Every structure is written in structure tokens, then in C-alpha cells.
Amino acid sequence: MERLFTKFGDFIIRRSKLTIIVITILTVFCSLGLPKLEMQMGNNVFVNEASDVFKRTTTYQEQFGGESIFIMISGDPKVLISQRTSQEIVRFAQKAGQIEDITGSMHYISLMNEMLAMEHPSLPLGEDEASRSKLLNTIMAAISEQDQRSIQQSMMKNLTDQQRTDLQNYTLSQLTKNQQQQLAAKMANLGEKNTVEQQNAILNGLLTKQQNDAIAIYAQGLLTPQQQSAMASQVVQALPAVQDMDDNLLQQLVFSDKGKIPSQLMTMIPDNGKHILIVLNTSKNTDILTYSRINRELNQLIDSSNFESKITVKAGGMPVVLGEVKDEVISTMAIMLAIAVVLMIVVLFLVFPVRRRVLSLAFVLVGLIWTFGFMGWAGLPITVATMATLPIIIGLGTDFGVQFHNRYEEELKISNYNATAAVAKSIKHMGPSVGIAVFIMSLSFLTMLLSKAPMMQQFGLTLAIGVMFCYIIEICLLFSTFHLLDHKHTKPVKSVKDSTWLSRFLEKYTHWVGKMPVPIILVALILSVIGFSTESSIPTETNLMKMIPQDLKALKDTNSLQDVVGSTIYISYLVEAKDVTDPDTLNWMNRFENKVVTQYKDVEGVTSLPKLMLQMNGNRDLPNDQKEIANLIEQMPPTLLKSIVTTNKHYATIQFKINKDLASSEQLALMNTITQHIDASDGIKVSPVGTQVMMLHGIDNVRANHNLITITGLSIIFIGLLLVYRHLKYALYSLLPIVLVLGFSPGTLHVLDLSYNPLTIALSCLVLGIGTEFTILIMERYREEKLKGLSTKEAITVSLSKVGQAITVSGLTVMIGFSTLLFVSFPVLRSFGITTVIDTLYSLICAITILPAIIILFRKKKRSKR
């Protein structure tokens, strides 16, 4: 390998300018891929598109549409339930429906208008007879006299003989003596050939308004349920559109259940009229860019709406939140980049006493262009996970540059400031060392491809690409630049001291480690075992709403919505059958959902076709006749109906409303339990589907193969080290400190009371990669010094005082890179930043403490046997 890097060093020396030109051209090409970068924040980052749950959810979305957007209009009930507000709601919904990828809307006005437009129109008229009677009288008073007479005439025609007799006797009993005398006189004047119509006309002409009202109430009491339904239909048919009703009639309709909202309207008018919901349906398979556009246009519509000043309008729901996240992602990445660069410069100036100390950082920025430009060309998306690779790549890339830079300055002094010799020797010795570390580091990152979560696969792949690109750029550009700048000088412009405070500290520190290797290793081993034992107790969080900035307006509005209407978390099931309206299928659905709601206290309600049918028929039993079922379905509002059953009747949905305070892991356990209790008969297929279900499956996917990934990473590193060193001892020496760090990591999460998330669960591969680099670099320098004839203690002391300084600086730059995550607004990134800074510190401490202790301890044992 040294021969290969010797030739590469000769090429860099001879073709420094050409190398820089080629790198520049490739950088321009990669930069053209940056505009092609796409963002993914949906559940396809947790669930593979080839999985059954993703395919079933796709079928579900094709039949029932995508995620819903909720518009919550809040204010005084008298202002909200008014003609002016109703007309503005209709206008707003119509305008929203014109936004691309919004496929429809639903609100209480549209539902009531649909009920009015049916062949047998109906309205929610309260639960008890008194409320219904009062409302009918209010409606009768509101419609024209001509319509009233028509309704009265129709009612009289439908009366039975007995009803007519009873009504006539009651009417006569209401007459005063004076009216009775007038009636008798007028009847006498008619003669013997009078008709019933003439008699009724005379009688009606004598009645006062109070008497007519009393007679009307009595007449309604005589009617059978069928006659009442027929009369109610006629009354409803005479009504104008809901948005055109006067305030008094509208409020009587909406608060028809003893002054409260009827159960049929409670979902759309929550908190007894203090809020009104407009539900906007979105198209299927909408991505975050589409959501961002919808969100922007929707906010413009809200700003231009003509609701009264005291009315507030908020938009909530997953599409709105994700639409706002897109802009937050861009600003967060810009903030991370700026903070990382500033902090790196500060660290390099404080602890890295060489000339041109920020040069490696500048070249890392080129590496970022290569990495993210390549992602754009290759179609790798930006996700919550791949966002986190930005500071990681900055830290690791700077780390490689620091190693190269430190060795170059060292060789420059040794060669009496001969830049050509310094470049050649630095590439010869550090090229393989850092190259081996980068290669093994990349392999450890690529073990994330074993994860079932696409987000984690993309995270590992992006890191592997990033570190390889940074290695190539740093070794090419740094040494080409050094050669061009220094090859004509006999001495550097500014000399650097051979010994620094850091190198002197590391030399003393190594002496201390050499005096007590056994206690050091024992303490580390105990702490690591304790950490491993806590891993199973750490929960995993994949709720996307908890990973994004909590101060987003859309998220706050969504939370406000949930405070009003309760949970908006639903676990949905897709029911497939030849005919889902078949009586047997409906009865099974009803039994299944009743059993679930009864058995599980965290299931707060259910939405389904059987549930809606029971509401329509007064919570009586479901009909067993197909014709009755068809008639009942025809009476349902079309907008509501299409959200629970398809037109071809092959698909229906059962949506269980879940306690919003349940953790994701508890929701997953509940969903799995419900699914296990599905006992549908042959011909009925029931599957959990939807965004929430995919998110819950994501928990399993994120946690799945975690141990396999760790074991595979350790195996790859061990085999790689064994192939490089061809000595079992050296391979184990380099690996054992990292195994200890793997135990420290879950212990830290447990102490800090942090949950696993898609990023922190990837710490094992990150620790393996970063920690192995530190130990490899120390081991390589140790072997180099041993070949010079130094003793074990002398070799390890020189190694740490020389390369240890660079490793410490590298570790600090990596930690500083990670620490930029602490300044972002994404909780998932902040949590990741805290743990990675600590774990990198562990890796650094173990590299300069545990590795020397192991080498000295086992070397001593070998000598004692002699």
C-alpha cells in the first residue's frame, strides 16, 4: 500500500496544478446537482415502498384520497352561526377547492345542503320530540304563507278519517261563543248544497293566529311517524340554502337539540358552536413540495378572507405542518453550515498551532458540494436524517485535513523545510493510515443499509459518500496547495514550535495511563456493561410531529385543533369485500368495532359505515335487508359517505380514534393487538392502512436489525483490521476501546432520559466509524515508532504526543461539528447532537486512554512470562 501512495505522492508533486483544475471542474459538475435535491418528510422515509403496508396504504389513498387539512374557524357562536359567516365559509371552501391538489371540502353547511337536496330531504332536528316540534314550528314561521298553506293542505289530505274527526272536534273546541255563533250563521247561509271545502274556508277565516298555532301543534301530535316524516320533508324542501337562511332560523337549526348541537353535527361544529371545521381533502401521493405550495396558497387565502375581525382562522393537519417544515429545513441547514464553520475556525485557532490552519475546513466545503451535489444527481433525498449528515461531514472532513496537515508540518521540519519531501512522506505515511480509517468508517456507515427504514439507509449511504469524497478532496487539494505554496521556499514564513502545551499534556497523560492500566480498564468495562444493560429500557420515538420544530405555527395550530376536537390520531383499517354493504359484512364490522371500543380504553371512538347508519336510523339495529340498507345509504350526505365507502362498494374504512397522549410505542402495541383480534370471515380482507399506521410500522423498522447492524459493523471492522495488520493482537487492540464506547452510549441516553429516534439509534455505526479512526491512527503511528526500535511505552508515548495532538484536534472538530446540532430547532437533531458530542468525546478518551492501557497491560504480561 505504501508503494501505491508513494506513486500517488509523486503524481501530486508533479501535477499539483492539474489536480486542482480537475477537482475544480468536478466541483462545478457536482454543484449542478444541488438544485435537483428533493426533500422527503413523509412516512416513506420510515417504510419501504415495496412493503405490504405501503402498497395497501397506496390502495387506500387511491380510493379515499390523501391526508386531510383542517381549517378551524373560532369565535362567538352567534357570530359564527350567522348568514354572513356561512356565506363566507362557502366562498372560502370554493376558493380552497380551486387550489391544485385539493380535491374537495366538507363543512356543516355543505352537509346540510346535501341533506336538503336529497330525494327525501332531511335535517338533524334534535333528539327529542319537543325539540323537533319546536324547530318545525320555527321553520313553518320562516317560510312563506303560500308554502305553509301548501304544506297544510298536503297534511290534511294524508290524514285518516279518524284523524280528521279528532282534528275537527279539537278545532271546534277552540272556538269562542262569538265564533261559534258566527260559524253557525255563515253555515246557514250556505244552504244545503255546501261542500267540505266551503265549510273549512269559513272555519279557517274565523280562527285567530293563536288558535291556528294551537291547532297546528295538536295536528302534529296526531300524525304517525310516517306522516311526520312526509311533512318534515315538505317543510325542508321549502327552505332556502343553508348559507342563505336568516340568523334566527340558522341558529334554531344548528342548536336544535335543547339548545345544543345535534350529534350528527358535533364533529363539524365542536365545543357547542365556538368553532367550525372545514375539512379539505388532498390528492394521493402528495410530496413535501406540493404541501409547501398548498400551504403557501392556503395562507394567502386565509389572509384575504372576509370573516369578521373577531373570528380567527387556523389551518392544521399533517400536510400543513410538512409544508411549513420544508422552509424550516432549508434555513436549518444554512444555520448549521454557518455555525459549524465559525466554531471550527475558533477551535482550529485555539488548539491547532500550524500555518494555514483553516485550509482543511475550506476544502471540506468543497466536499459538501460533492456530497450533496451527488445526492441530487443520484436521487438521494434530504430527510430529517440526511440533514444531520451536514455537520458530521464537516467535522469528519476537517478531521482528515487536520491529520494530513499535522503530518505535513512535522515532515516539513524533519526534511529541513523541503516541501517536496514533506508532501511525499506525508502522503506515504498518512495516506494509507487515514485511508484505512476512512474505508473502515465507510463500511461501518454502510451497515445502515441493513436497516428496514429507508431514512436510515439513506443516512448511512450519505455519510459513506461524504467521508470518501472529503478524503479524496483533502488529500488531493491540501498537498497540491502545500506543494505549490512551499516548494520555492527553504523555510516557512512563520515557524511553529516543535512542542506545544497539548503535546506535553498528552505525554504526561500517557505516563499516568501506563502506571495504572488495570484499574482504568476495569472501570471502563464495568461502566460499559451497565450501559449495555440499560439499552432495552430505552423507548423509540418515530412520531414525526415530535421530531420537527415545536414552535412552527402550523404545528401550534394543529395542537390547538386537537385541544378543541380531541385527538386527530386515527388507526385506520381498510375493509375489502365483493360488497362491503352486504348485511353479513356490515354486522361483522359493527361487532368488531364495538368489541375494540369496549375493550380498549385508549380507543375513544370509531368512524365507519355501520356507525353512520346507526346514527341515521336512531341507533336502532342495523337492517338485515339489502334493500333497506341501500335506502339508508341513499339518505346519507354524499361527501360524508365517500370518506367511508367507495362507489363500487368494494372498499370501506374503519377508523379508530386513539388517545392523543399515547406514546408511539403504545400506539404500535395497541394497533398490533387490534389487528390480532381481526376475525373476519372468508371473503372479507381487513388491513391496517394510512399515514399513522405507516408511522407506527416505522418504529419497528427503525429498531429492526439494530443489533445486527452493530454486530455486522464490529465484524467488518475486525476483519478489515485483521486484513490490514495481519495480526490478531493489533486488530483486537484497535477494536476493544470502541466496544466499550458502544456500552457508554445507551448508558448516556438512559441517564439523560432521552429516547431513541431514527438518528440516535444510528449512533452505533457512527461510534464505530469515528472511534475506529482514532484508534487506527494511533495504532499506525505506534507501529511506525516500534519499527524504529522504541520500547512499548516509548512508542505509545511518542505516538500520542505526535499523532495524539492531531487526533485531539480532530476529535474536537468532530464534536464542534456535531455541537451545531444543538442550535437547531429540530428536537430530533438536538437530541442527536447531544449524544453524538458525548459519544465522540468517549471515543476520543478511549482512544488516548483505553488503547494505551491495553497495549501496555498485555505487553507487560508478555514480558513477565519471559
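No experiment lies behind these values; they were computed from the predicted model shown. Numbers here simply count residues along the sequence, with the first being 1. Keep in mind that the numbers below use all heavy atoms, side chains included, and drop hydrogens, waters and symmetry copies.
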Please state whether the rings of Phe64 and Tyr60 are parallel, tilted or perpendicular, taking 30° and 60° as the class boundaries.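 Ring orientation, 0 to 90° scale: tilted.
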Would you please classify the geometry between the Tyr573 ring and the Phe592 ring as parallel, tilted or perpendicular, with 30° and 60° separating the classes?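 The rings of Phe592 and Tyr573 stand perpendicular, inter-plane angle above 60°.
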When you compare the side chain of [Y] with that of [X], does any pair of heavy atoms fall below 4.5 Å?
X: Leu280; Y: Ile71; result: yes
X: Phe656; Y: Glu593; result: yes
X: Gln692; Y: Ile658; result: no
X: Gln655; Y: Ser608; result: no
X: Lys660; Y: Asp563; result: yes

Do the side-chain N and O atoms of Asn587 and Asn624 include a donor-acceptor pair separated by under 3.5 angstrom?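 Side chains of Asn587 and Asn624: pair found under 3.5 Å.
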Using a distance-only test with no angle check, is there a side-chain donor-acceptor pair under 3.5 angstrom linking Asn631 and Gln635?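 There is no such pair between these side chains.
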Would you call [X] and [Y] a salt bridge, using N to O less than 4.0 angstrom?
X: Asp101; Y: Arg293; result: yes
X: Lys553; Y: Asp557; result: yes
X: Arg84; Y: Glu88; result: no

Side-chain ([X]) to main-chain ([Y]) donor-acceptor, under 3.5 angstrom:
X: Thr85; Y: Ile81; answer: no
X: Thr57; Y: Val53; answer: yes
X: Asn272; Y: Ile261; answer: yes

Return the minimal non-hydrogen interatomic distance between [X] and [Y], and the atom names on each side.
X: Leu253; Y: Met245; answer: CD1-SD, 3.2 Å
X: Asn295; Y: Glu324; answer: ND2-N, 3.6 Å
X: Leu586; Y: Thr581; answer: CD1-O, 3.4 Å
X: Thr282; Y: Pro319; answer: CG2-CG, 4.4 Å
X: Gln179; Y: Leu207; answer: NE2-CA, 4.2 Å
X: Met589; Y: Val580; answer: SD-O, 4.4 Å

In Å, rounded to the nearest 0.5 Å, how long is the span from OG of Ser105 to CG of Leu277?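 So the gap between those two atoms works out to 12.5 Å.
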Are there more than 12 heavy atoms of other residues, nucleotides or ligands under 6.0 Å from atom CG of Asp161?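 Count not over threshold, so no.
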A quick test of your reading: do over 12 heavy atoms of other residues, nucleotides or ligands sit less than 6.0 Å from NZ of Lys595?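 Buried by this count: over 12 neighbours within 6.0 Å.
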If you apply the rule side-chain contact (heavy atoms from CB on, under 4.5 Å), what do you find for Gln163 with Thr224, and how did you get there? CA-CA 10 Å; Gln163 287 172 327; Thr224 64; 4.1 Å; yes
Kindly determine whether Gln162 and Asp166 satisfy side chain to side chain donor-acceptor pair (under 3.5 Å), including the steps that lead there. CA-CA 6 Å; Gln162 184 60 49; Asp166 291 343; 2.9 Å; yes
